[in-house]
Amino acid sequence: MRALIVDDEAPARRKLRRMLSAFADVEVVGEAADGDSALSLAAELLPDVIFLDVQMPEVDGFDVAASLPDAGPALVFVTAFDRHALKAFDTHACDFLLKPVEPERLGRAIERLRASSSRSMARSGTGVPPAQLLIVDRGATHVVRVADIEWLQSADNYVYVHLHGRSLLMRRTLEALLGDLGSAFARTHRGAAVALARVQSLRPRGKSDATVVLQSGAEVPCSRQHRAALVEHLQR
């Protein structure tokens, strides 16, 4: 599960991140200190769950919840005040944690999230690749059709999403993004992947390496470790 932590107090964010690190299947992909940042990161990072503080200046946790799409991430409210519990569950939150959060109680919340995720996958089958991505680059949010993506290039914890004539920088790892995009993309290199529908030819290079030539004329390196798998994908 990809988790986003939202709390206006840095010590609270650090504590929750540390507690979540005890769960092997939970990855904290980001933190936000206010509601506006939470909404931007939710659109950019596409978390599975948001651990959401209630009381924050200007845009509080309930405002964030109301602004998320219906098919958005699961919500776990985290607050020091139990009077917010009823309203939290009115927002269809998955759980409600009281500060200071106890490890055993957090564990039960994670189990509930796992069960909810399993039910959702059972209803919908395996995950359906998204038709579009929301990419926050240089302060602007871009809606990008997956069908328009030519290739992807890793940059540590970011990915350059290459389109015809322009590139956008997305805050995701290449491995995580490929997991979301499914079989329409294939790795050509440790740090690169191509949209299979955009491949025009494969040009041999020395030592069994190759260059993938895309329909736009762009060239992407292909290492010998990934060449055979790429050819297999292209033959399907």
Side-chain angles (χ1 to χ4, degrees), residues 1-3 24-27 29-30 42-49 69 71-73 114 116-137 141-236:
M1 286 179 287
R2 296 165 47 79
D25 59 343
V26 178
E27 176 192 8
V29 295
E44 177 184 353
L45 301 176
L46 302 177
D48 301 305
V49 56
R114 288 169 180 153
S116 176
S117 177
S118 296
R119 288 194 297 268
S120 296
M121 291 187 70
R123 286 194 299 267
S124 61
T126 55
V128 177
Q132 61 188 31
L133 301 176
L134 294 180
I135 302 177
V136 180
D137 185 5
T141 301
H142 305 265
V143 181
V144 174
R145 293 197 318 149
V146 171
D148 292 336
I149 298 174
E150 296 187 342
W151 68 288
L152 305 167
Q153 181 181 12
S154 176
D156 294 326
N157 291 322
Y158 292 80
V159 176
Y160 282 103
V161 178
H162 295 287
L163 309 162
H164 185 61
R166 62 175 179 147
S167 299
L168 297 171
L169 187 62
M170 185 177 191
R171 189 176 175 180
R172 294 291 301 280
T173 64
L174 178 60
E175 182 175 359
L177 183 55
L178 288 175
D180 290 343
L181 295 178
S183 60
F185 290 78
R187 276 188 187 269
T188 63
H189 191 273
R190 181 178 62 182
V194 295
L196 295 171
R198 298 279 182 163
V199 175
Q200 178 172 281
S201 63
L202 198 61
R203 190 168 63 222
R205 297 192 316 181
K207 298 182 180 179
S208 299
D209 292 340
T211 297
V212 181
V213 181
L214 304 182
Q215 294 168 357
S216 64
E219 297 184 355
V220 182
C222 180
S223 66
R224 59 184 179 275
Q225 291 91 340
H226 293 89
R227 183 176 179 178
L230 176 63
V231 171
E232 183 179 344
H233 285 301
L234 292 170
Q235 289 175 334
R236 292 176 182 171

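Since the structure is predicted, the reported quantities are computational estimates derived from the model, not experimental observations.
- Contact of the P204 side chain with the R227 side chain is registered, since non-hydrogen atoms from C-beta on lie closer than 4.5 Å.
- The heavy-atom pair separating P47 from A42 by the smallest distance is CD-O, 3.5 Å.
- Of all non-hydrogen atoms in P221 and H189, the two that sit nearest each other are O-CB, 3.8 Å.
- Other residues, nucleotides and ligands contribute over 12 non-hydrogen atoms within 6.0 Å of the CG atom of D25.
- Residues S223 and Q225 bring a donor and an acceptor atom of their side chains to less than 3.5 Å of each other.
- Within the 4.5 Å cutoff, side-chain heavy atoms of E175 are placed close to those of R187.
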With side-chain contact (heavy atoms from CB on, under 4.5 Å) as the test, would you mind laying out the steps for L202 and V213 before giving the verdict? CA-CA 6 Å; L202 198 61; V213 181; over 6 Å; no
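- Note that CZ of F185 is 4.5 Å distant from CD1 of I149, once rounded to the nearest 0.5 Å.
- In this structure, the side chains of L168 and R166 come closer than 4.5 Å at one or more pairs of heavy atoms.
- Counting all heavy atoms, side chain and backbone alike, L174 lies closest to A193 at CD1-CB, 4.5 Å.
- Across H164, R198, E150, a single residue satisfies side-chain hydrogen bond (donor to acceptor under 3.5 Å, both in side chains) together with S216, and that is E150.
- Annotation for E219: atom CD counts as buried by contact number, over 12 foreign heavy atoms lying within 6.0 Å.
- Residue L230 holds its CG atom at 6.5 Å from CG of L196, rounded to the nearest 0.5 Å.
- In R190, the CZ atom is not crowded: 12 or fewer heavy atoms of neighbouring residues, nucleotides or ligands sit closer than 6.0 Å.
- A heavy-atom distance below 4.5 Å is found between the side chains of L214 and V212.
- Distance check, rounded to the nearest 0.5 Å: CZ of R172 to OG of S154 gives 12.5 Å.
- Between T188 and H226, the side chains place no donor N or O within less than 3.5 Å of an acceptor N or O (distance only, hydrogens not considered).
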Checking M170 against L152 for the side-chain contact (heavy atoms from CB on, under 4.5 Å) test, could you report, in this order, the C-alpha distance in whole Å, the side-chain angles of both residues, the deciding distance, and whether it holds? CA-CA 10 Å; M170 185 177 191; L152 305 167; over 6 Å; no
For V220 and T211, what are the C-alpha separation, side-chain angles and deciding distance, and is it a side-chain contact (heavy atoms from CB on, under 4.5 Å)? CA-CA 6 Å; V220 182; T211 297; over 6 Å; no
Check the pair D180, L133 against side-chain contact (heavy atoms from CB on, under 4.5 Å), reporting the backbone distance first and the verdict last. CA-CA 10 Å; D180 290 343; L133 301 176; over 6 Å; no
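- Here the closest non-hydrogen pair linking L181 and P130 is CD2-CG, 4.2 Å.
- How far CZ of R114 is from CG of D48: 13.0 Å, rounded to the nearest 0.5 Å.
- With values rounded to the nearest 0.5 angstrom, E44 atom CD is found 10.5 Å from H142 atom NE2.
- Using a 4.5 Å heavy-atom threshold, the side chains of R171 and V136 count as separate.
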